[in-house]
**Student:** 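Before I ask anything, here is the structure I am working with.
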Amino acid sequence: MQPENLRPQKDQLLAFLYQRGHQEGYNAQALLLTDLSTGAVFHSKNQEEPLLPASLAKLFVVEYASTLVGPEDRRTVTSEALGLVKPDSSMAWLIAGEYRIEDLFAAMLLPSGNDAAYGVAELCGGMLSPESAPGTQRVDAFLEGLRGYLQEQGYSGTSLYDPSGYDTQSCTTAEDLGKVCSRLLEQSWFRELVSQNTYTALLPDGSSLTWENTNAFLDPDSAYFNPNVKGIKTGSLEGAYNLVVLYQQHGKEFLVVSLGSDSDQARYDAMFQILDTIDDSQYLAW
């Protein structure tokens, strides 16, 4: 059977066999497995179900912010923005002052710094609404612009109310996350950032700070380390554990979105199953 023949029937067969083999083992609430070379969706589960994005909300924030500022631009993170960070947030430990935008994006994407998310939202909000006061008003201006952008780009299942994702009102879908990641991966700076296990940035006071990626698949000292994983991001909140992975195998790139596992270990075990399926599948190698 040639790869280009009977594609719809093959897709149905793969989905059926995949569900039969993993319906008890795969623990997350939603899944999307896409071949980025063709855009073909090989398997999905509840891909349009609204779920908590947690820190995966930062992916949408980065995409929108990158339409307003470039990675090499330099902008100021204010003390007012840093003062908005909620207790018990994941932190990049920024200080007020001027940064390269790429460093701020790294602070959002690797250690998942909520302080960096507020910093980016506030500085972009000041560009969108210069008359707004520093702090909450500028973040609100950014979020208003972001929600309009999400609608324009067709992210119909996504609503965001906090730039860090640290809230229970926001929602997104595996389908929308697949879209935003595909678009971001068209940018070389994004690919480079999310593929790194560590990243060192220069702070405004001249000191340096090294961040570690929260993605255990990128950590050589982790039991989950996999050299074929090239990013992208983790997120967790209220007992829901999310993970998006860019995977290179069979001379292709696969994007895997997994949402709503019930523990940190469960999300990695669920993703490990998917990656193992890709490795062993002659079907996906076509």
Side-chain angles (χ1 to χ4, degrees), residues 30 32-41 47 51 53-73 75 92 100-114 116-117 119-121 123-124 142-143 145-160 162-165 170-197 199 201 211 213-215 217-218 228-235 242-248 252-259 271:
L32 184 67
L33 169 58
T34 305
D35 179 353
L36 291 181
S37 64
T38 63
V41 174
Q47 69 181 55
L51 296 168
S55 284
L56 297 185
K58 295 183 177 78
L59 294 168
F60 297 100
V61 170
V62 167
E63 185 192 24
Y64 178 47
S66 68
T67 68
L68 304 172
V69 289
E72 296 301 322
D73 292 348
R75 294 288 188 274
R100 276 196 324 144
I101 291 297
E102 185 171 342
D103 290 343
L104 294 177
F105 286 165
M108 293 172 64
L109 295 169
L110 275 75
S112 201
N114 289 4
V120 168
L123 70 87
C124 288
F142 175 81
L143 289 171
L146 173 61
R147 287 191 286 271
Y149 178 80
L150 295 175
Q151 292 181 353
E152 292 170 3
Q153 298 302 313
Y155 298 122
S156 58
T158 300
S159 298
L160 301 178
D162 186 298
S164 70
S170 296
C171 65
T172 191
T173 65
E175 183 173 69
D176 283 356
L177 283 164
K179 291 178 185 177
V180 71
C181 289
S182 296
R183 291 170 178 170
L184 284 169
L185 287 167
E186 295 175 0
Q187 306 298 324
S188 58
W189 57 264
F190 179 82
R191 282 181 170 268
E192 178 66 21
L193 287 181
V194 297
S195 68
Q196 297 182 59
N197 183 45
Y199 182 98
W211 298 305
N213 202 315
T214 58
N215 189 342
F217 283 116
L218 298 175
N228 293 329
V229 172
K230 306 302 179 182
I232 293 178
K233 195 165 182 345
T234 68
N242 305 330
L243 181 59
V244 181
V245 159
L246 175 65
Y247 194 60
Q248 294 181 350
K252 297 181 177 183
E253 287 190 323
F254 298 92
L255 184 68
V256 190
V257 180
S258 181
L259 303 179
M271 185 63 70

**Student:** Report yes if some heavy atom in the side chain of V257 is under 4.5 Å from a heavy atom in the side chain of Q47; otherwise report no.
**Tutor:**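 Side chain of V257 against side chain of Q47, heavy atoms only: no contact under 4.5 Å found.
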**Student:** Output yes when a side-chain donor or acceptor of K230 lies under 3.5 Å from a complementary backbone atom of Y247, and no otherwise.
**Tutor:**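 No; zero donor-acceptor contacts below 3.5 Å.
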**Student:** Measure across L110 and Q196 and return the closest heavy-atom pair with its distance rounded to 0.1 Å.
**Tutor:**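 In this case the closest contact between L110 and Q196 is CD2-O, 3.5 Å.
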**Student:** How far does CG of L150 sit from NZ of K179, to the nearest 0.5 angstrom?
**Tutor:**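 One finds 11.0 Å between CG of L150 and NZ of K179.
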**Student:** Of all the heavy-atom pairs spanning V62 and M108, show the shortest one and how long it is.
**Tutor:**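 Shortest heavy-atom separation between V62 and M108 comes out as CG2-CE, 3.7 Å.
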**Student:** Return the minimal non-hydrogen interatomic distance between L218 and G231, and the atom names on each side.
**Tutor:**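 The answer is CD2-N, 4.0 Å.
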**Student:** CG/L143 to OG/S170 distance, rounded to the nearest 0.5 angstrom?
**Tutor:**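 The CG atom of L143 sits 8.5 Å away from the OG atom of S170.
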**Student:** Is a side-chain donor or acceptor of R191 paired with a backbone partner of L185 at a separation under 3.5 angstrom?
**Tutor:**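 Yes: the side chain of R191 pairs with the backbone of L185.
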**Student:** Quick one: closest heavy-atom pair of P53 and T172, and the distance?
**Tutor:**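 So the two residues come closest at CB-CG2, 3.5 Å.
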**Student:** Do E63 and Y149 pair up side chain to side chain, a donor and an acceptor below 3.5 Å, judged on atom types alone?
**Tutor:**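 Yes - a donor-acceptor pair under 3.5 Å links their side chains.
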**Student:** side-chain contact (heavy atoms from CB on, under 4.5 Å) for L56 and V180? Distances and angles first, verdict last.
**Tutor:** CA-CA 10 Å; L56 297 185; V180 71; over 6 Å; no
**Student:** Output all residues satisfying ring pair (Phe, Tyr, Trp, His ring centres under 6.0 Å) with F60, sequence neighbours left out; order by chain, then residue number.
**Tutor:**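 Counting only residues at least two positions away or on another chain, F60 forms a ring pair (Phe, Tyr, Trp, His ring centres under 6.0 Å) with Y155.
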**Student:** Could you check whether T214 and S112, counting side-chain N and O atoms only, form a donor-acceptor pair closer than 3.5 Å?
**Tutor:**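 Per modelled atom types, S112 and T214 side chains form no pair under 3.5 Å.
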**Student:** Would you give the length of the straight line joining atom CD of Q151 to atom OG1 of T158, rounded to the nearest 0.5 angstrom?
**Tutor:**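 It comes to 11.0 Å.
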**Student:** Could you tell me whether F142 and Y64 have their ring centroids closer than 6.0 angstrom?
**Tutor:**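 Ring centres of Y64 and F142 closer than 6.0 Å.
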**Student:** How far apart are the closest heavy atoms of L255 and S182, and which atoms are they?
**Tutor:**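 L255 and S182 have their closest heavy atoms at CD2-OG, 4.0 Å.
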**Student:** Regarding K233 and N242, do their side chains bring together a donor and an acceptor under 3.5 Å, going by distance alone?
**Tutor:**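 No.
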**Student:** Quick one: does N114's side chain get under 4.5 Å of D162's, heavy atoms only?
**Tutor:**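 Not touching, per the 4.5 Å side-chain cut-off.
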**Student:** List in chain and number order the residues that pass salt bridge (Lys or Arg N to Asp or Glu O under 4.0 Å) with R183, two or more places apart in sequence or in another chain; answer none if no residue qualifies.
**Tutor:**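 Scan of R183 (salt bridge (Lys or Arg N to Asp or Glu O under 4.0 Å), adjacent residues dropped) gives none.
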**Student:** Of L59, V256, V245, which meets side-chain contact (heavy atoms from CB on, under 4.5 Å) against I232?
**Tutor:**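 Result: among L59, V256, V245, L59 is the only option passing the side-chain contact (heavy atoms from CB on, under 4.5 Å) with I232.
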**Student:** Considering non-hydrogen atoms only, spot the tightest contact between P163 and V61 and give its length.
**Tutor:**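 Heavy atoms of P163 and V61 come nearest at O-CG2, 3.4 Å.
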**Student:** What distance do E102 atom CD and L104 atom CG have between them, rounded to the nearest 0.5 Å?
**Tutor:**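 Answer for the CD-CG pair, E102 versus L104, is 10.5 Å.
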**Student:** To the nearest 0.5 Å, what is the distance between OG1 on T173 and CG on L259?
**Tutor:**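 T173 atom OG1 to L259 atom CG measures 8.0 Å (nearest 0.5 Å).
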**Student:** Using side chain to side chain contact (heavy atoms under 4.5 Å, CB included) as the criterion, list what pairs up with A107, not counting sequence neighbours.
**Tutor:**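 In terms of side chain to side chain contact (heavy atoms under 4.5 Å, CB included), with neighbours along the sequence ignored, A107 is linked to A92, L94, A116, W211.
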**Student:** Is the backbone N or O of L160 less than 3.5 Å from a side-chain atom of R147, with the two atoms forming a donor-acceptor pair by type?
**Tutor:**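 Yes; judged by distance alone, with no hydrogens or angles, the pair exists.
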**Student:** Would you mind reporting whether N215 and V194 have side-chain heavy atoms less than 4.5 Å apart?
**Tutor:**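 A side-chain contact is absent here, since even the closest heavy-atom pair is not under 4.5 Å.
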**Student:** Could you give the distance from OG (S66) to CG (D73), rounded to the nearest 0.5 Å?
**Tutor:**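 So the gap between those two atoms works out to 11.0 Å.
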**Student:** Any chance you could lay out the side-chain contact (heavy atoms from CB on, under 4.5 Å) test for Y199 and D103, step after step, and finish with the verdict?
**Tutor:** CA-CA 9 Å; Y199 182 98; D103 290 343; 2.4 Å; yes
